[in-house]
Every structure is written in structure tokens, then in C-alpha cells.
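Along the sequence shown, the residues carry numbers beginning at 1. Atom set for the values below is all heavy atoms of this structure, side chains included, hydrogens, waters and symmetry mates excluded.
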Amino acid sequence: MKKVHLILILILSFGILKAQENFDKFISKFAQDSTFQYSRILFPLNCITWDFENDKEFVFSLKINQWNFDRLYYDNFSDAYSVFYDNFDCKFRETDEMVFRWRGITDMDRRYYFKRINDKWYLVKILDYDMRIPNKR
């Protein structure tokens with residue numbers, strides 16, 4: 001019986017020690033450390049932009065060698081403001097999803113979709129209608 005109690009205590013302790021990554025700490029490091037950023041993007045990265053020639057949405061994937069370090073909110077946009085949402089629906093409730101969004105005073109709308117996978121945060125998608133389409137064919 002004592003062994004059962006000890007095993008239960010160890011199992012419960014392990015569950016408590018295995019904490020989910022804090023998004024605030026993650027996003028700060030993600031925006032400042034290029035090596036960390038590359039390690040926390042699920043490549044190929046799903047991207048959505050606007051094809052102005054055909055006047056429709058265009059979906060493509062970015063490979064790791066096509067990615068450029070992005071400082072997120074450390075970039076300065078004088079005509080935009082940043083917003084964080086705690087899920088992909090852009091409503092406020094606790095989930096394993098976050099959206100960082102640059103919203104422009106005019107028409108700028110850039111969204112970074114993050115998902116918690118195995119207790120760690122990853123960038124899984126970008127929506128940016130001004131993003132350049134790489135080698136469109």
C-alpha cells in the first residue's frame with residue numbers, strides 16, 4: 001500500500017512539474033532570438049496572401065531557407081497597432097492557440113498564428129495580404 005501511495009505521489013509530482021510554456025516569455029524570445037525563432041516555426045510554414053493579378057487569395061508554403069527573421073512587435077509601424085488574441089477565432093478565451101496581429105489604420109492586416117504543441121509554442125501559419133509570393137508559377 002505504501003508503494004502505491006509513493007507511485008501516485010511521484011506521478012502527480014511529475015504532472016505538476018511538467019508545465020506548459022508561458023506565451024509571454026515565448027513571444028518575447030521569439031521576436032528577439034533568430035535561432036530560437038527558426039526552431040519554433042513549423043516548416044513548411046503555411047502562408048496566405050492576396051494574388052492581385054487574379055484578385056483572389058493565394059495559399060503557399062514557405063521553406064526554412066525562404067524565411068527571414070521577423071522581429072514581430074519590435075518592428076515599428078507608425079500606421080498600425082498590435083493585438084494578441086488567445087485563439088484562432090480572435091475571441092478571448094483560454095486555448096492552446098494565440099494570434100499576434102498587426103492591424104493597420106488603413107488596410108494593413110498581418111496575422112501570425114501560434115499553436116501550443118507538446119506544451120511548447122510554435123508559429124504554424126501567417127496571413128498577410130501584402131506578403132510577396134515567392135516564385136509563383
- Task: Can you see which heavy atom on L45 is nearest to which on L123, and at what distance?
- Result: CD1-O, 3.8 Å
- Message: Nearest 0.5 Å, please: how far is CD1 in I48 from NZ in K125?
- Response: 4.5 Å
- Item | Validation row: R101, D109 side chains within 4.5 angstrom (heavy atoms) | yes
- Derivation and outcome, salt bridge (charged side-chain N to carboxylate O under 4.0 Å, His left out), residues E21 and K29: CA-CA 12 Å; E21 183 174 42; K29 188 171 182 179; over 6 Å; no
- Item | W121 and F23: CA distance, side-chain angles, deciding distance, ring-ring contact (aromatic ring centres under 6.0 Å, His included) verdict | CA-CA 7 Å; W121 289 100; F23 186 79; 4.9 Å; yes
- Closest approach of D119 and A19, non-hydrogen atoms and distance? CB-O, 4.1 Å
- Determine, step by step, whether D96 and K115 satisfy the salt bridge (charged side-chain N to carboxylate O under 4.0 Å, His left out) criterion, reporting the C-alpha distance in whole Å, the side-chain angles of both residues, the deciding distance to 0.1 Å, and the verdict. CA-CA 6 Å; D96 288 332; K115 188 165 187 69; over 6 Å; no
- Minimum heavy-atom distance Y38-W67, with the two atoms named: OH-O, 2.7 Å
- Flag, side chain of N22 to backbone of D24, donor-acceptor distance under 3.5 Å: yes
- Atom CD of E57 and atom OG1 of T49: how far apart are they, to the nearest 0.5 Å? 9.0 Å
- Message: So which atom in D51 and which in N54 form the shortest heavy-atom distance, rounded to 0.1 Å?
- Response: OD2-ND2, 2.8 Å
- Message: To the closest 0.5 Å, what do you measure between CD1 (I64) and CD1 (I41)?
- Response: 7.5 Å
- Task: Can you measure from CG (L72) to OG (S28) and round to the nearest 0.5 angstrom?
- Result: 10.5 Å
- Do N46 and Y113 come within less than 4.5 Å of each other through their side chains, counting heavy atoms only? no
- Looking only at heavy atoms, which two atoms of Q66 and S61 are closest? And how far apart? OE1-O, 3.9 Å
- Nearest-0.5 Å distance that lies between atom CE in M98 and atom CZ in F26: 10.0 Å
- Note on the structure: Per ring pair (Phe, Tyr, Trp, His ring centres under 6.0 Å), Y129 is matched among W102, W50, F58 by W50
- Query: Side-chain donor-acceptor pair under 3.5 Å between D70 and Y112, yes or no?
  - Reply: yes
- Does the side chain of I126 come within less than 4.5 Å of F100's, by heavy atoms? no
- Task: I would like to know whether F69 and T35 meet side chain to side chain contact (heavy atoms under 4.5 Å, CB included); could you show each step before the answer?
- Result: CA-CA 9 Å; F69 177 60; T35 304; over 6 Å; no
